Amino acid sequence: MIYLALSVFFSVLLLINFRVHPRFGVNTFQAIILNYPVCFLTGLIFLPSTQHFSVDFTQPSTLFAMLLGVGFVVTFLLSGISTQRMGITATSLANNISLVIPVIFSLVVLKTSQNFDGLNYLGLVLAIVAVVLSTLKKEENTESRSVKTSDWLLPIVVFTMYGITNTTFNFLNAKYVTASGNTIPFTLTILIGSIVFGGIVLILRIIQGKEKLELKSLWAAFPLGIPNFLSFYFLLKALDAFQNNGAFVLPIYNISVILISALIALIFFQEKLSNLNKVGLALAVIAIGLISYQGLL
């Protein structure tokens with residue numbers, strides 16, 4: 001459980017980073033794009049002395065991993081567009097509810113959860129309900145404007161992309177990483193895809209005059225990139241530790257991040273919780289217990 005706890009801790013640290021960006025005038029888009037090279041350097045530092053990193057295009061896992069890295073950047077960009085056009089609530093729900101896709105894939109295709117019983121399935125259902133209730137927020141500063149028909153598809157696309165990237169992440173870890181023990185080299189390969197694609201997007205936006213590189217964004221990339229890599233790394237290690245049981249790991253990871261983030265936001269940022277949010281957080285605690293009780297006995 002220590003790997004899962006560390007992954008949750010560093011994921012929450014990421015959200016805190018995003019929360020304080022406006023306070024310091026940080027361009028979040030640039031910070032995220034620039035955080036990928038920082039992630040890569042962090043991975044090289046943590047690379048065991050018994051392992052080395054190289055990009056071997058003769059291995060099928062290399063191309064899949066790099067495409068997954070591209071998928072992470074695309075998903076982030078789509079989330080940004082969806083947030084601007086459809087609001088935080090719809091986008092946040094699409095993001096968090098997408099956990100059902102990798103969970104179902106883990107149960108049906110990977111079949112890593114043969115011991116899932118009725119209480120586990122009840123916990124999974126409660127987890128989905130908890131995610132919905134915990135992330136429901138009243139939109140702030142909404143403007144009365146017409147919403148295009150195509151805009152309504154954005155949360156659906158975000159839901160699909162998050163589901164695909166998380167499912168692919170779980171599948172590649174099960175097929176290529178667990179047996180070889182190459183968690184960090186695999187992660188570095190994913191990051192190369194993110195670095196290349198993210199760099200292309202940033203350069204194009206600079207050429208088009210939509211972005212101007214800011215020094216603050218470069219500095220912000222460091223406190224963002226280090227926990228970003230560690231959250232990713234420890235999530236892989238957690239999946240390894242639980243035999244790639246995504247139906248067990250991913251719901252606990254997801255709702256734990258929501259639960260702890262909400263508590264930190266309440267205590268340190270004075271963000272208010274609605275009654276529905278409080279019910280959702282209570283259900284999250286129950287869901288974690290139901291999903292994980294076998295591993296805790």
Side-chain angles (χ1 to χ4, degrees), residues 1 4-16 18-19 75 79 82-83 86-108 113 115-139 155-156 158-163 165-167 169-170 231 234-235 238-239 242 245-269 271-297:
M1 291 293 282
L4 185 55
L6 286 171
S7 180
V8 170
F9 170 77
F10 286 112
S11 295
V12 171
L13 200 56
L14 275 176
L15 295 177
I16 294 174
F18 289 133
R19 183 65 175 77
T75 302
S79 295
S82 179
T83 299
M86 294 301 297
I88 295 173
T89 298
T91 306
S92 178
L93 286 175
N95 174 8
N96 290 300
I97 299 175
S98 68
L99 71 88
V100 301
I101 297 178
V103 166
I104 292 174
F105 185 85
S106 179
L107 289 170
V108 177
S113 309
N115 295 326
F116 238 57
D117 59 18
L119 289 177
N120 295 139
Y121 281 106
L122 175 60
L124 180 58
V125 173
L126 287 180
I128 297 170
V129 176
V131 166
V132 174
L133 296 180
S134 299
T135 54
L136 278 175
K137 300 284 185 184
K138 183 181 291 185
E139 297 294 348
I156 298 175
V158 169
F159 166 85
T160 304
M161 284 301 299
Y162 268 109
T165 52
N166 288 330
T167 300
F169 172 66
N170 194 16
S231 67
F234 284 119
L235 182 57
L239 285 168
F242 289 99
N245 189 347
F248 174 86
V249 172
L250 295 177
I252 294 178
Y253 166 78
N254 194 291
I255 57 183
S256 295
V257 171
I258 293 173
L259 179 63
I260 297 173
S261 299
L263 292 176
I264 290 177
L266 177 65
I267 296 171
F268 294 102
F269 298 105
E271 291 187 6
K272 295 180 180 180
L273 296 174
S274 67
N275 290 331
L276 283 178
N277 295 153
K278 294 175 183 177
V279 171
L281 295 178
L283 285 178
V285 175
I286 297 172
I288 290 176
L290 290 174
I291 294 172
S292 61
Y293 83 94
Q294 290 167 321
L296 299 176
L297 294 178

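Being a predicted model, the structure only gives us computed values, none of them experimental.
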Heavy-atom closest contact ([X] atom, [Y] atom, distance):
X: Ala127; Y: Ala287; answer: N-CB, 3.6 Å
X: Gly280; Y: Ala130; answer: O-CB, 3.3 Å
X: Ser79; Y: Val158; answer: OG-CG1, 3.9 Å

How many angstroms lie between [atom1] in [X] and [atom2] in [Y], if you round to the nearest 0.5 Å?
X: Phe18; Y: Leu15; atom1: CZ; atom2: CG; result: 7.5 Å
X: Phe9; Y: Ile260; atom1: CZ; atom2: CD1; result: 9.5 Å
X: Ile128; Y: Leu283; atom1: CD1; atom2: CG; result: 12.5 Å
X: Leu13; Y: Phe10; atom1: CG; atom2: CZ; result: 7.0 Å
X: Leu122; Y: Asp117; atom1: CG; atom2: CG; result: 10.0 Å
X: Ser261; Y: Leu281; atom1: OG; atom2: CG; result: 10.0 Å

State, with a plain yes or no, whether a side-chain heavy atom of [X] is found less than 4.5 Å away from one of [Y].
X: Val8; Y: Phe234; result: no
X: Ile264; Y: Val12; result: yes
X: Val285; Y: Leu259; result: yes

**Request:** Would you sort out whether Asn166 and Ile101 count as a side chain to side chain contact (heavy atoms under 4.5 Å, CB included), showing the intermediate values?
**Result:** CA-CA 8 Å; Asn166 288 330; Ile101 297 178; over 6 Å; no
Within the distance-only criterion (no hydrogens, no angle test), does the side chain of [X] pair as donor or acceptor with the backbone N or O of [Y] below 3.5 angstrom?
X: Asn120; Y: Leu290; value: yes
X: Ser231; Y: Ser7; value: no
X: Thr165; Y: Tyr162; value: yes

**Message:** Please check if the number of heavy atoms outside Phe268 that lie under 6.0 Å from its CZ is greater than 12.
**Reply:**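 No, CZ of Phe268 has 12 or fewer neighbouring heavy atoms, counting only those of other groups under 6.0 Å.
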